[in-house]
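Down below is the structure, laid out as C-alpha cells.
For clarity, every value in this text was computed on a predicted model and none was experimentally measured.
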Amino acid sequence: MAEKIRVLVAKPGLDGHDRGAKVVARALRDAGFEVVYTGLRQTPEEIAEAALQEDVNVVALSILSGAHPHLFPKVVELIRAKGMDDVLVIGGGVIPEGDIPALKAAGIAEVFTPGTPTSDVVNFIKEHVKA
C-alpha cells in the first residue's frame, strides 16, 4: 500500500477561532490521511518549518481574520524557498470570492469557503497530491 498522505493543518496569523480547522483536520484523518495540526497563531515561518520537519504532502491553511492576502502567499513563498516544490498548498476560511484569483496566482491550489463539504477537500487532495 502507498504511504499515507500527510497534511499539515495550520492557522496563520492572529485568529482566535479554530473550530473550522479542527473539523477539516478530523475529516482528513477520517479519510485516512495523517494529520498534523499546528494550533493557533502560527507565523508563516513556523508553518513552513513545520511542513519541512513533518515531511508533509499538503499544507492546509485556515484563516478568518482577513489577513489571507498577505499570509497565504508568504507561506507559499517560504515553503517553496525550502525546496518543497511538490507540496500542495490549499486554503480555507472566510475569504471573499474576489480575493481567490490572486491567492491562486500566488500558489494556493484551491480555496475552500464556509459551507464547503469536507468531502470536497478530501477529494481535491486525493486528486492533486503528486505520488
Side-chain angles (χ1 to χ4, degrees):
M1 185 178 140
E3 287 188 30
K4 281 189 175 186
I5 294 173
R6 291 179 57 84
V7 183
L8 182 78
V9 176
K11 293 282 301 176
L14 300 177
D15 280 357
H17 300 281
D18 62 354
R19 182 172 295 168
K22 287 179 175 175
V23 167
V24 170
R26 167 163 262 155
L28 297 177
R29 192 172 299 121
D30 290 349
F33 301 155
E34 283 186 34
V35 179
V36 178
Y37 175 54
T38 63
L40 291 168
R41 299 181 185 91
Q42 298 293 298
T43 67
E45 291 80 8
E46 288 168 332
I47 292 166
E49 185 60 26
L52 181 65
Q53 294 299 321
E54 295 289 347
D55 192 27
V56 297
N57 307 102
V58 181
V59 173
L61 302 171
S62 170
I63 200 158
L64 303 173
S65 68
H68 54 273
H70 170 71
L71 293 173
F72 281 13
K74 184 68 175 170
V75 171
V76 172
E77 175 189 321
L78 293 167
I79 286 171
R80 301 296 180 240
K82 291 180 180 289
M84 294 180 281
D85 297 323
D86 58 344
V87 171
L88 183 73
V89 183
I90 60 175
V94 180
I95 298 169
E97 288 291 324
D99 291 353
I100 293 174
L103 294 174
K104 288 187 173 183
I108 301 297
E110 188 59 88
V111 176
F112 300 95
T113 53
T116 301
T118 54
S119 59
D120 289 3
V121 181
V122 168
N123 291 333
F124 185 86
I125 291 171
K126 286 180 177 176
E127 290 168 17
H128 292 87
V129 168
K130 296 175 181 135

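For the pair Arg80 (side chain) and Val87 (backbone), a donor-acceptor distance under 3.5 Å is present. Remark: side-chain polar atoms of Lys11 are paired, donor with acceptor, to backbone N or O of His17 under 3.5 angstrom.
Here Phe124 pairs with Phe112, His128 under the ring-ring contact (aromatic ring centres under 6.0 Å, His included) rule; sequence neighbours left out.
Of all heavy-atom pairs spanning Gly39 and Gln42, the tightest one is O-CG, 3.6 Å. Residues Gly16 and Leu40 approach most closely at O-CD1, 3.8 Å, considering heavy atoms. Nearest heavy-atom pair, Thr38 versus Ala10, reported as atom, atom and distance to 0.1 Å: OG1-CA, 3.3 Å. Taking every heavy atom of both residues into account, Ala51 and Leu8 meet most closely at N-CD2, 3.8 Å. Minimum interatomic distance between Glu46 and Arg41 (heavy atoms only, all atoms of both residues): OE1-O, 4.0 Å. Closest of all the heavy-atom pairs between Pro69 and Asp99 is CG-OD2, 4.2 Å.
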After noting the C-alpha distance and the side-chain angles of Arg29 and Glu34, does the key distance pass the salt bridge (Lys or Arg N to Asp or Glu O under 4.0 Å) rule? CA-CA 6 Å; Arg29 192 172 299 121; Glu34 283 186 34; over 6 Å; no
Would you check, one step at a time, whether the test side-chain contact (heavy atoms from CB on, under 4.5 Å) holds for Thr116 with Thr113? CA-CA 6 Å; Thr116 301; Thr113 53; 4.0 Å; yes
Using the side-chain contact (heavy atoms from CB on, under 4.5 Å) rule, take Glu49 and Lys82 through it: C-alpha gap first, then chi angles, then the decisive distance, then the call. CA-CA 8 Å; Glu49 185 60 26; Lys82 291 180 180 289; 2.9 Å; yes
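Evaluated for a side chain to side chain contact (heavy atoms under 4.5 Å, CB included) with Leu28, the options Ile5, Val9, Val58 yield exactly one hit, Val9.
Contact check for Arg26 versus Thr118: no side-chain heavy atoms found under the 4.5 Å cut-off. Looking at heavy atoms from C-beta onward, Asp18 lies out of side-chain contact with Ser62 at the 4.5 angstrom threshold. Considering only heavy atoms from C-beta on, Pro73 comes within 4.5 Å of Leu103 through its side chain.
The hydrophobic cluster containing Leu71 also contains Leu61, counting ILVMFWY residues as joined when their side-chain heavy atoms lie under 4.5 angstrom apart, directly or transitively. Side-chain heavy atoms closer than 4.5 Å link hydrophobic residues (I, L, V, M, F, W, Y) into clusters, and following such links, possibly through other members, connects Phe33 to Val121. Tracing side-chain contacts under 4.5 Å through hydrophobic residues (I, L, V, M, F, W, Y), one reaches Ile79 starting from Val36; they form part of the same cluster. Residue Ile90 is not grouped with residue Phe72 when hydrophobic side chains (ILVMFWY) are merged at heavy-atom distances under 4.5 angstrom, including chains of intermediate members. When the side chains of ILVMFWY residues are joined at heavy-atom separations under 4.5 Å, either directly or via intervening members, Val122 and Ile125 end up in a single hydrophobic cluster.
Here Leu64 is tied into one hydrophobic group with Val94, each link being a pair of ILVMFWY side chains closer than 4.5 Å.
In this structure, His70 NE2 and Ile63 CD1 are separated by 9.5 Å, a value rounded to the nearest 0.5 Å. In this structure, NE2 on His68 lies 8.5 Å from CD1 on Ile100, to the nearest 0.5 angstrom. With values rounded to the nearest 0.5 angstrom, Met84 atom CE is found 8.5 Å from Leu78 atom CG.
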